[in-house]
Amino acid sequence: MAGARIVAVEQRRPDLRFPFPENFAGRLTGRLVEAVGRRAKYLMLDLEGGDVLVMHLGMSGSFRIGGDLPGLFHHDRSKDPAHDHVMFRLSNGAEITYNDPRRFGFMLLEPRAGLATHKFFRDIGVEPLGNELDGSLLAKLFAGKAAPLKAALLDQTLIAGLGNIYVCESLHRAGLSPRRAAGTLARKDGSPTARANLLAGIIREVLTEAVTAGGSSLRDHRQADGSLGYFQHTFRVYDREGEPCPRAGCGGMVARVVQSGRSTFFCGACQR
DNA sequence: AGTTGCACCTGGCTGC
DNA sequence: TGCAGCCAGGTGCAAC
């Protein structure tokens, strides 16, 4: 999309999770896409003229890239046209389709200058794959917190972009209980414990591996070219309730509990 | 100020 | 086969 111009937008319903911005298709049509980026789990298209098209996939949203792209792929017709809510046609022949059965996703069109103070973005935390995240920062973020480690890691105002799967997987690899108080990863003086340093490294490792594997394909989810992600085959605990703990010599069993309304999968034997 | 729970939706799966 | 009940990748917001 970067460097291409939006030549047509078809918006097939008035809302997703929120109503579409006023005159959404009209304001996008004819605009040049200057850059494509991301912040936390928000996709950002920088548009000519200073606006940003912000898009979130929610739980079930996905983009498919098709159309006539010289030298690139051409995907089959959508298998789920009932939930194809928005189509973008670009000057380079690409046709981008947004599909979202549950409609928890949303799209915003905001001035670039105001984004940093927008209520959806002003409190967003640190990027887990950025240079800032290390044991020291984790300790600083978690110091004094009685909240469970699981809840703290899912808190997007602390670390931005960790979801339920990767939190469960990271905690298992780190051998840390999701129920442990987040504050126990900081010493009294705010310096990191060995656990904090370990966890910070593991978060980076898990995310990097997941990205390399093309993400996790649950149910019918696909990458933008229709191919499958493979990281789900390497899940050690997520959605593996009742299975033996994969840690060598552990002998425990993967359990499922509910924390702040979300499923947590973990091994009570080796995660302390 | 910090936390918790609800709400927003549809569809897939399980068990009766 | 039908149907009720439960569960799902997230997060904004109201209520404590």
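A note on names: the letters A, B, ... follow the listed sequences, proteins ahead of strands, and every chain is numbered from 1. Since the structure is predicted, the reported quantities are computational estimates derived from the model, not experimental observations.
Residue A:L16 contributes atom CG, which lies 13 Å from atom C1' of B:dT10 at whole-angstrom precision. Computed from coordinates, the A:Q259 CD to C:dG10 P distance equals 15 Å when rounded to whole Å. In this structure, the NZ atom of A:K41 is 10 Å from the P atom of C:dG12, given to the nearest Å. Taking atom CG of residue A:D239 and atom P of nucleotide B:dC13, one finds them 12 Å apart after rounding to whole Å. The CZ atom of A:F18 sits 13 Å away from the C1' atom of B:dC9 (whole-angstrom rounding). When the P atom of C:dG12 is taken as reference, atom CG of A:L57 falls 14 Å away, rounded to whole Å. To the nearest angstrom, C1' of B:dC13 lies 15 Å from CD of A:E241. A straight line from CG of A:D155 to P of B:dT4 spans 10 Å, rounded to a whole angstrom.
Remark: A:H56 is not in phosphate contact with C:dG10, judged by side-chain N or O atoms under 4.0 Å from OP1 or OP2. For the OP1/OP2 pair of C:dG12 and a distance below 4.0 Å, the side-chain nitrogens and oxygens of A:Y42 include at least one atom meeting the criterion. For A:R262 and C:dA8, the shortest distance from a side-chain N or O to OP1 or OP2 is not below 4.0 Å. In this model, the phosphate group of C:dG9 is not approached by any side-chain N or O of A:Y166 to a distance below 4.0 Å at OP1 or OP2. Between A:H83 and B:dG11 there is a side-chain N or O to OP1 or OP2 distance below 4.0 Å.
Counted within 6.0 Å of CZ on A:R89, heavy atoms from surrounding residues, nucleotides or ligands total 12 or fewer; the atom is thus considered open. A 6.0 Å sphere centred on CZ of A:R31 holds more than 12 heavy atoms belonging to other residues, nucleotides or ligands.
Residue side chain A:R103 does not reach the base of B:dC9 through any donor-acceptor N/O pair under 3.5 Å, judged by distance alone.
A:L57 pairs in a side chain to side chain contact (heavy atoms under 4.5 Å, CB included) with only one of the listed residues (A:Y42, A:F104, A:F63), which is A:F63.
Listed nucleotides C:dT11, B:dT3, C:dA8 differ in distance to A:S263; the shortest reach to its side chain belongs to C:dA8. Taking only side-chain atoms of A:R17, from C-beta outward, the nucleotide of B:dG11, C:dA8, C:dG12 with the closest atom is C:dG12.
When ring centroids are compared, A:F120 and A:F106 come within the 6.0 Å threshold.
In this structure, A:Q156 contributes its side chain and A:L154 its backbone to a donor-acceptor pair below 3.5 Å.
Residues from residues 116-125 of chain A with heavy atoms under 4.0 angstrom of DNA chain C, sorted by number: A:K119, A:F120.
Comparing B:dC9 with C:dA14, their P atoms are spaced 16 Å from each other, to the whole Å.
In this structure the side chain of A:M55 never reaches within 4.5 angstrom of the side chain of A:K41, judged on heavy atoms.
Rounding to the nearest 0.5 Å places CE of A:M107 at 8.5 Å from CG of A:D100. Summarising the geometry, atom OG1 belonging to A:T97 is positioned 9.0 Å from atom CD belonging to A:E10; distances are rounded to the nearest 0.5 Å.
The aromatic ring of A:F104 sits over the base of B:dC8, with ring centres less than 5.5 Å apart and planes inclined by under 30°.
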### Message
If a pair means Watson-Crick or G-U wobble with both distances below 3.5 Å, what does DNA chain C look like in dot-bracket form, with | marking bases paired to a different strand?
### Response
.|||||||.|||||||
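The shortest non-hydrogen separation linking A:G3 to A:L32 is O-CD1, 3.6 Å.
No contact: A:G261 has no heavy atom under 4.0 Å from any strand.
Taking the six-membered ring where tryptophan is involved, the planes of A:H85 and A:Y98 are tilted, since the angle between them lies from 30° to 60°.
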